[in-house]
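Report on the structure given below.
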2 protein chains.
Amino acid sequence: MAQSDTVDRILDAAEELFAERGFSETSLRMITSKAKVNLAAVNYHFGSKNALIHAVFARFLTPFSATLEKAFDELEESCGDQPPTLNQTLWALTESAVRMPQRNEKGISIFMRLLGLAYTQSQGHLRKFLEQEYGDPFSRFMRLLKAATPQLSAVDRYWRIQFMLGATAFTMSSSDALRDILQNKTGVETSVQEIAMRLVPFLAAGMQAGDTMLVPPKGSKVSVA
Amino acid sequence: MAQSDTVDRILDAAEELFAERGFSETSLRMITSKAKVNLAAVNYHFGSKNALIHAVFARFLTPFSATLEKAFDELEESCGDQPPTLNQTLWALTESAVRMPQRNEKGISIFMRLLGLAYTQSQGHLRKFLEQEYGDPFSRFMRLLKAATPQLSAVDRYWRIQFMLGATAFTMSSSDALRDILQNKTGVETSVQEIAMRLVPFLAAGMQAGDTMLVPPKGSKVSVA
DNA sequence: GTCTGTTTTAAACATACGTTTGAAGCCAAT
DNA sequence: ATTGGCTTCAAACGTATGTTTAAAACAGAC
């Protein structure tokens, strides 16, 4: 097929370049020349650069959110009437991400980086698009987190969820670069799965931290407001 | 003084706009019109847009790294021959950041967001500049972390430090927006200090998480590579 | 008051961008 | 063979960007 070949080549090239360089820093000319298609093809097939960005996300997120919903369904069913634990919830998310069919070996890490960029680069249109299209599974995840951490006050939970999001988005958004640094330093190769397996315990521990440590050490100048 | 007035107004406007919109998405015309100076003033005083970006970072980082070095000096001295604990190290950093003289109330959160962007947006020149100019205090912080977490393998420590950086940069960088959301939801006011007081225990707990949780729950399809 | 070096200004420059155009190419159905 | 609807293509469009220029404005020293 001629059409979908061009469309897919554009999506592949765009996905990779966006992940490498960010959205604003990637021009349509870079994308089309990497995809070996004519410059006008993007506007012909997608309508605009922003619509292409949306399409890149939709190609991954639509099947992913379906997978995730199913994983949450199974998890809640297997738990009977008691809510899933924090660990179970985090792992359900992680596994859904890792098990997504990948276009190539970098598939998931490229996409993680894109998600990080989506959160980080304040592209208003992207944020709106993601909220509108994929807000439901996100809300569900939040509800599960709430049920899994009943010991936390609403305010504590709120902030700790932000911390989790931050650690995840940030790490994933620079994971290629970080992996390269680590490999240069130690010669150790790191897969996205391994990063996830290190991240989840970190998040779970932070989420469940006691608040005894809330008090700064003796002599600290940070005062409780 | 005419010069430094113009220079400072440019730096103020640039700092704020960069933090709001990122580097590539902020044009010199936006900056100069916000600063109410002539367009050419940037190239006259700084030489180029990239040099302006460097100057924005230097204005904050140079005094901050001095403060931080002093805090580390005091901390190590007060600890005698045994290394500072993780908690002490994190609090030394936090206090140095919070106590920096701020140009306005948003000062610290604006700058946190800039640091996050510096890490995220792959602006090669910025990364090189930061490493070159401020690599030393950063390395020292890393050494302290290493001494404070002898139980961690080098690889574990490496990734958990990335997670800490992520949670911090991400949260602080969007703390204004987050604070507003929280206030609208719960009517609770939150200061940067309070966020830090919630963040540090989260980080310390994550950093010191046992690795028993490294194993996914029963039935998980994520395999140890 | 005049001169000197610095700073500000308006205008222009070259380049890169996203997008549009209209013709050409293609392929299946008639 | 010809039609008709997609798709591709080279070229151009208008706009925005970072940077440069050369003249004007300014300030302090003599």
Side-chain angles (χ1 to χ4, degrees), chain A residues 1-59 114 117-118 121-129, chain B residues 1-57 59 114 117-118 121-126 128-129:
Chain A
M1 253 172 269
Q3 145 151 19
S4 64
D5 193 52
T6 296
V7 167
D8 284 344
R9 285 232 302 282
I10 292 175
L11 285 172
D12 288 340
E15 185 178 278
E16 205 160 326
L17 286 171
F18 284 152
E20 260 173 35
R21 324 179 21 107
F23 304 110
S24 313
E25 294 83 355
T26 302
S27 71
L28 292 185
R29 285 168 174 82
M30 291 178 199
I31 294 170
T32 53
S33 92
K34 171 165 190 151
K36 293 197 178 101
V37 302
N38 186 274
L39 167 63
V42 169
N43 285 279
Y44 176 76
H45 286 288
F46 297 94
S48 71
K49 183 181 179 180
N50 279 354
L52 168 62
I53 296 177
H54 296 173
V56 167
F57 276 85
R59 182 168 67 151
L114 284 182
L117 289 180
Q121 315 213 169
S122 56
Q123 301 258 349
H125 67 96
L126 221 192
R127 203 107 150 211
K128 221 170 288 178
F129 170 79
Chain B
M1 251 170 273
Q3 146 149 17
S4 65
D5 192 53
T6 296
V7 167
D8 284 343
R9 285 233 301 283
I10 292 175
L11 286 172
D12 287 340
E15 184 178 279
E16 206 160 326
L17 286 171
F18 285 151
E20 261 173 35
R21 327 179 17 109
F23 304 110
S24 314
E25 295 84 353
T26 302
S27 70
L28 292 185
R29 284 167 176 83
M30 291 179 200
I31 294 169
T32 53
S33 93
K34 172 163 189 152
K36 295 198 177 97
V37 302
N38 187 274
L39 167 63
V42 169
N43 285 278
Y44 176 76
H45 286 288
F46 298 93
S48 69
K49 183 181 178 179
N50 280 354
L52 169 62
I53 296 176
H54 296 176
V56 166
F57 277 84
R59 183 170 64 152
L114 284 182
L117 289 179
Q121 313 216 164
S122 55
Q123 302 257 352
H125 68 97
L126 221 192
K128 221 170 287 176
F129 169 79

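First the proteins, then the strands, lettered A, B, ... as listed; each starts at 1. The basis for the numbers below is simple: all heavy atoms, side chains too, and nothing from hydrogens, waters or symmetry mates.
As rounded to whole Å, 17 Å separates atom C1' of C:dT8 from atom NZ of B:Lys36. Spacing between atom OH of B:Tyr44 and atom P of D:dC26 amounts to 16 Å, rounded to whole angstrom units. Distance A:Leu39 CG to C:dG22 P: 17 Å, rounded to the nearest Å. Following rounding to the nearest Å, B:His45 (NE2) and D:dG18 (C1') show an atom-to-atom distance of 17 Å. Between the CG atom of B:Leu28 and the P atom of C:dC13 there is a distance of 20 Å, rounded to whole Å. Distance A:Leu52 CG to C:dT19 C1': 14 Å, rounded to the nearest Å.
A close approach under 4.0 Å does occur between a side-chain nitrogen or oxygen of A:Ser27 and OP1 or OP2 of C:dC17. Taking side-chain N and O atoms only, B:Asn38 has no distance below 4.0 Å to OP1 or OP2 of C:dT7. In terms of phosphate contacts, A:Thr6 brings a side-chain nitrogen or oxygen within less than 4.0 Å of OP1 or OP2 of D:dT8. Here A:Asn43 does not reach the OP1 or OP2 of C:dG18: none of its side-chain N or O atoms lies under 4.0 Å away.
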Practice prompt. Kindly determine whether B:Leu117 and B:Phe18 satisfy side chain to side chain contact (heavy atoms under 4.5 Å, CB included), including the steps that lead there.
Written response: CA-CA 9 Å; B:Leu117 289 179; B:Phe18 285 151; 5.6 Å; no
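Within 4.0 Å of A:Thr26, counting heavy atoms only, lie sugar-phosphate atoms of the nucleic acid but no base atom.
Between A:Phe57 and A:Phe23, the two ring planes are tilted [angle within 30° to 60°].
Taking the side chain of B:Ala40 as heavy atoms from C-beta on, and the options D:dG18, C:dG18, D:dT20, the nearest nucleotide is D:dT20.
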